[in-house]
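Okay, so here's the structure we're looking at.
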There are 2 protein chains.
Amino acid sequence: MNESPPAGPPPAPKGTVTQRAIERIKAMIGEGLLEPGQRLPTERDLGVQLGISRSSVREAVRALTVMGVLEARHGSGIYVTQLQAGDLLETFGVVADLSRGPRLLELLEVRRVLESTAAALAAARITPGQLEAVGGHLAAMNATDDPDEILAHDLAFHREIAAAAGNETMAAILEGLSSRTFRTRVWRGYQEEGAYARTRREHAAIHRALAARDPEAARAAAGAHVGEVERWLRDQGGP
Amino acid sequence: MNESPPAGPPPAPKGTVTQRAIERIKAMIGEGLLEPGQRLPTERDLGVQLGISRSSVREAVRALTVMGVLEARHGSGIYVTQLQAGDLLETFGVVADLSRGPRLLELLEVRRVLESTAAALAAARITPGQLEAVGGHLAAMNATDDPDEILAHDLAFHREIAAAAGNETMAAILEGLSSRTFRTRVWRGYQEEGAYARTRREHAAIHRALAARDPEAARAAAGAHVGEVERWLRDQGGP
DNA sequence: CCACCAGAAGTGGTCCGACCACTGCGCACT
DNA sequence: AGTGCGCAGTGGTCGGACCACTTCTGGTGG
C-alpha cells in the first residue's frame with residue numbers, strides 16, 4: 001500500500017510498447033545473444049517473453065525486417081540476417097525513389113563521390129574475370145537500341161564495378177542510389193537529348209581506365225560520368 | 001459462375017498483403033497524390049480503401065514510418081514527412097550499430113570518403129558563424145577530460161562541418177555513420193591508447209584548413225583523421 | 001533397403017472486434 | 001469574453017481465431 005501510487009519502475013515507462021520491443025530485440029542482437037542466421041523464438045513466445053501481445057511483436061518484427069536486420073520466412077520462423085549489406089539497400093532505395101528537387105541533386109552528389117571512389121578502388125583490385133564482365137556489359141549496351149536493355153546493362157555495368165571495389169557496404173549504398181525507378185526517372189529525359197553517344201564514350205573511358213589499372217583515371221572518368229547527369233539535372237530544374 | 005475458377009485479376013496475387021499495401025501507399029506519395037505534411041486517411045479508412053484489415057494497414061504504416069516516409073501522431077493522425085533527410089538516418093544508424101568485423105571497416109571506409117568530401121565542400125562554403133561554432137567545439141573538446149563530453153563535442157564538431165558542406169543528405173548519412181553507440185564502441189578502446197592528443201591535433205588541422213578556405217587541405221586532413229581510426233581498428237581485429 | 005508421398009504439427013500472415021490513451025475541438029459554465 | 005470540461009475521433013494495444021505455408025514424420029510401395 002505504499003509503493004503502488006508512488007512509483008512503478010518495472011514496466012519501463014518510456015515510449016510505446018512496440019518501440020520498446022524493437023529496442024529489446026535490437027539489444028539482443030547487439031549483445032550477441034542472437035547470432036546472424038539464428039532463428040528467433042516464435043512471435044507467440046516473443047510476446048510472452050517481452051510481456052506484450054503478438055500484434056505488437058509483429059509490428060516490431062516488421063520494423064526490424066524493413067531495416068534489414070531480421071527476415072521472416074512464412075511457415076518457418078524469424079531469422080537474424082547476415083547483415084550482409086544489400087539488406088539495408090531497400091530502405092535507401094525507397095528514399096531515393098521518393099526524393100524530389102534539390103534532394104535529388106544531393107543524392108546524385110553523394111553518388112558521384114562514392115562512384116568515383118569505387119571506380120578508383122576497382123582499378124586497383126579488379127580481377128580479369130570481373131574486367132571481362134564489365135566489358136561485356138559495355139559491349140551489350142552499345143549493341144542494342146532498346147532503352148530498357150540499355151538501362152539494364154548500364155545498371156549491371158556500375159554494379160560490377162562497385163562489386164570489384166571490394167567494399168560490399170559501398171556497393172549496397174550505390175545500389176540503393178541507383179535504384180531502378182530512380183534511374184528510370186532521370187534517364188527518361190536525359191536520353192532524349194541523344195546523350196547515348198556521350199554515355200557510351202564515358203563508359204568506355206571508365207572501362208579503359210580499369211583495364212589500365214589506373215585508379216586516378218578511373219576516379220576522374222567515373223566522377224565526370226555522374227557529373228554529366230548531375231549537370232543535366234541541374235539545368236533541367238533550374239532556370 | 002464462369003470467372004470464379006479461371007481467374008481473379010482484381011485482387012493482385014503478388015506478394016503478401018502488407019507488402020502490397022506498402023507499395024500502394026508509396027505509389028500514392030510518389031505520384032504526388034499525397035503531399036509532404038499532408039494527413040492520410042485513418043487506419044480504419046485506409047483498410048477499407050485498400051481492402052485489407054486494419055492490422056495489415058498498421059504494419060504497412062509501421063514499415064513506412066521506419067523508413068522515415070510517414071509519421072504517426074497518437075490521437076491525431078498519420079502524416080507524410082517532409083522527406084527532409086535526417087529521417088532515413090535512423091535506419092542507417094541501426095545498421096551501423098549492429099555491424100561487426102569487416103563490415104565495420106567498410107562502413108568506416110565509406111565514412112572516410114564522405115567525411116573528406118564534406119570537409120572539402122565546407123572549406124569552400126562555410127560561413128563565419130559556422131566556422132566559429134566548429135572552433136567552439138574544438139576548444140570545448142580540448143578543455144575537458146570527461147570522455148562523454150569529449151565524445152559529444154567530437155560528434156558536434158563533425159556534424160557542424162557536415163552541415164556547412166551544404167548537402168543535407170550527405171550530412172544525414174554521415175550522422176548515421178557516426179551514431180552514438182557506434183562511435184562509443186570504437187572509441188572505448190581507441191582512447192585508451194592516449195589517442196586524445198592525436199585526435200586534437202587532427203581536429204585542429206581540419207579547423208585550420210577550413211579557416212584557410214583550403215578545400216584540398218581540408219579533404220586531406222579529414223581523410224587522415226578517419227583513416228587513423230580505420231588503421232587502429234584494422235590493427236585491432238587483425239593479427 | 002531406399003525413395004517417395006500423405007498427413008500432422010508448427011510457424012508466420014491475415015483478419016476481426018474490443019478496449020485504452022491521447023489529441024482536438026466545441027460547448028457549457030463562470 | 002475567458003476558462004475549463006467533456007466528447008468524439010484517432011492511433012496504440014490486446015486477445016483470439018483462422019488461413020497459408022513450411023517442415024518433419026511416419027508409413028507405404030518399389
Side-chain angles (χ1 to χ4, degrees), chain A residues 4-5 7-8 10-25 28-29 34 37-81 87 90, chain B residues 4-5 7-8 10-25 28-29 34 37-81 87 90:
Chain A
S4 294
K14 52 174 175 178
T16 70
V17 172
T18 302
Q19 201 59 39
R20 260 182 293 154
I22 294 177
E23 297 300 329
R24 291 279 300 270
I25 298 178
M28 288 187 207
I29 300 175
L34 261 33
Q38 186 177 341
R39 186 172 168 286
L40 273 72
T42 64
E43 295 181 342
R44 294 163 177 86
D45 287 347
L46 267 178
V48 175
Q49 285 185 31
L50 303 179
I52 62 181
S53 75
R54 195 186 158 204
S55 313
S56 300
V57 172
R58 279 191 60 72
E59 281 198 36
V61 169
R62 166 71 63 180
L64 289 166
T65 297
V66 168
M67 295 191 223
V69 174
L70 296 182
E71 178 193 5
R73 297 181 208 157
H74 192 167
S76 175
I78 306 170
Y79 301 80
V80 180
T81 67
D87 293 325
E90 188 177 347
Chain B
S4 296
K14 51 175 175 178
T16 69
V17 173
T18 303
Q19 201 60 37
R20 259 181 294 154
I22 294 177
E23 297 299 328
R24 291 279 300 271
I25 299 178
M28 288 187 206
I29 299 175
L34 262 34
Q38 186 178 342
R39 186 172 166 286
L40 272 71
T42 62
E43 294 180 344
R44 293 163 178 87
D45 287 348
L46 267 179
V48 175
Q49 285 184 31
L50 303 178
I52 63 180
S53 75
R54 195 188 158 204
S55 313
S56 300
V57 171
R58 278 191 60 73
E59 282 198 35
V61 169
R62 166 71 61 181
L64 290 166
T65 297
V66 168
M67 294 191 222
V69 174
L70 296 183
E71 178 192 5
R73 297 181 207 158
H74 191 168
S76 175
I78 307 170
Y79 301 81
V80 180
T81 68
D87 294 325
E90 188 178 345

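Below, chains carry the letters A, B, ... as their sequence lines are ordered, and counting in each starts from 1.
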Original post:
Which atoms form the tightest heavy-atom contact between G68(A) and T81(A), and what is the distance?
Top reply: O-OG1, 2.9 Å
**OP:** Can you see which heavy atom on Q49(B) is nearest to which on P41(B), and at what distance?
**Re:**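 Where Q49(B) meets P41(B) most closely, the heavy atoms are NE2-CG, 3.7 Å.
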Dump every N/O contact between nucleotides 16-18 of chain D and the protein below 3.5 Å, one line per pair.
{"from": "dA17(D)", "atom 1": "N6", "to": "R54(A)", "atom 2": "NH1", "distance (Å)": "3.3"}

Separation of [X] atom [atom1] from [N] atom [atom2], in whole Å?
X      : N       : atom1 : atom2 : value
L46(A) : dT13(D) : CG    : C1'   : 17 Å
L64(B) : dG11(D) : CG    : P     : 14 Å
L50(A) : dG12(D) : CG    : P     : 19 Å
E59(B) : dG12(D) : CD    : C1'   : 14 Å
Y79(B) : dT23(C) : OH    : P     : 12 Å
I78(A) : dT22(D) : CD1   : P     : 16 Å
I52(B) : dC16(C) : CD1   : C1'   : 14 Å

Original post:
What nucleic acid atoms does R73(A) come within less than 4.0 Å of, heavy atoms only: base, sugar-phosphate, or nothing?
Top reply: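 Contact class for R73(A): sugar-phosphate only.
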Original post:
About how many Å separate OG of S56(B) and CD1 of I22(B), when rounded to the nearest 0.5 Å?
Top reply: 10.5 Å
Original post:
Are the side chain of R24(A) and the backbone N or O of Q19(A) linked by a donor-acceptor pair below 3.5 Å?
Top reply: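 Such a contact is absent between R24(A) side chain and Q19(A) backbone.
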**OP:** Scan for salt bridge (Lys or Arg N to Asp or Glu O under 4.0 Å) pairs involving residues 64-77 of chain A, sequence neighbours excluded, and state none if there are none.
**Re:**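 For residues 64-77 of chain A: E71(A)-R73(A).
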Distances for protein N or O near nucleotides 6-9 of chain D N or O, under 3.5 Å:
{"from": "dG9(D)", "atom 1": "N2", "to": "G75(B)", "atom 2": "O", "distance (Å)": "3.1"}

**OP:** Select one nucleotide: of dG13(C), dT14(C), dG11(D), the one nearest the side-chain heavy atoms of E43(A).
**Re:** dG13(C)
Original post:
When you check the phosphate oxygens OP1 and OP2 of dG11(D), does a side-chain N or O of R58(B) lie under 4.0 Å from one of them?
Top reply: no
Donor-acceptor pairs are to be reported for all side-chain atoms of residues 57-64 of chain A against protein atoms at under 3.5 Å, with residues two or more places apart or in another chain.
{"from": "R58(A)", "atom 1": "NE", "to": "E59(B)", "atom 2": "OE2", "distance (Å)": "2.8"}
{"from": "R58(A)", "atom 1": "NH1", "to": "E43(A)", "atom 2": "OE1", "distance (Å)": "3.3"}
{"from": "R58(A)", "atom 1": "NH1", "to": "E43(A)", "atom 2": "OE2", "distance (Å)": "2.7"}
{"from": "R58(A)", "atom 1": "NH2", "to": "E59(B)", "atom 2": "OE1", "distance (Å)": "3.4"}
{"from": "R58(A)", "atom 1": "NH2", "to": "E59(B)", "atom 2": "OE2", "distance (Å)": "3.0"}
{"from": "E59(A)", "atom 1": "OE1", "to": "R58(B)", "atom 2": "NH2", "distance (Å)": "3.4"}
{"from": "E59(A)", "atom 1": "OE1", "to": "R62(B)", "atom 2": "NE", "distance (Å)": "3.0"}
{"from": "E59(A)", "atom 1": "OE1", "to": "R62(B)", "atom 2": "NH2", "distance (Å)": "3.2"}
{"from": "E59(A)", "atom 1": "OE2", "to": "R58(B)", "atom 2": "NE", "distance (Å)": "2.7"}
{"from": "E59(A)", "atom 1": "OE2", "to": "R58(B)", "atom 2": "NH2", "distance (Å)": "3.0"}
{"from": "R62(A)", "atom 1": "NE", "to": "E59(B)", "atom 2": "OE1", "distance (Å)": "3.0"}
{"from": "R62(A)", "atom 1": "NH2", "to": "E59(B)", "atom 2": "OE1", "distance (Å)": "3.2"}

Under 3.5 Å between N/O atoms: give me all the protein pairs with nucleotides 4-6 of chain C, atom names plus distance.
none

Original post:
So do L70(A) and I25(A) actually touch side chain to side chain, heavy atoms under 4.5 Å?
Top reply: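 Side chain of I25(A) against side chain of L70(A), heavy atoms only: contact under 4.5 Å found.
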**OP:** For T16(B), enumerate each residue passing the side-chain hydrogen bond (donor to acceptor under 3.5 Å, both in side chains) test, keeping only those at least two apart in sequence or located in another chain.
**Re:** none
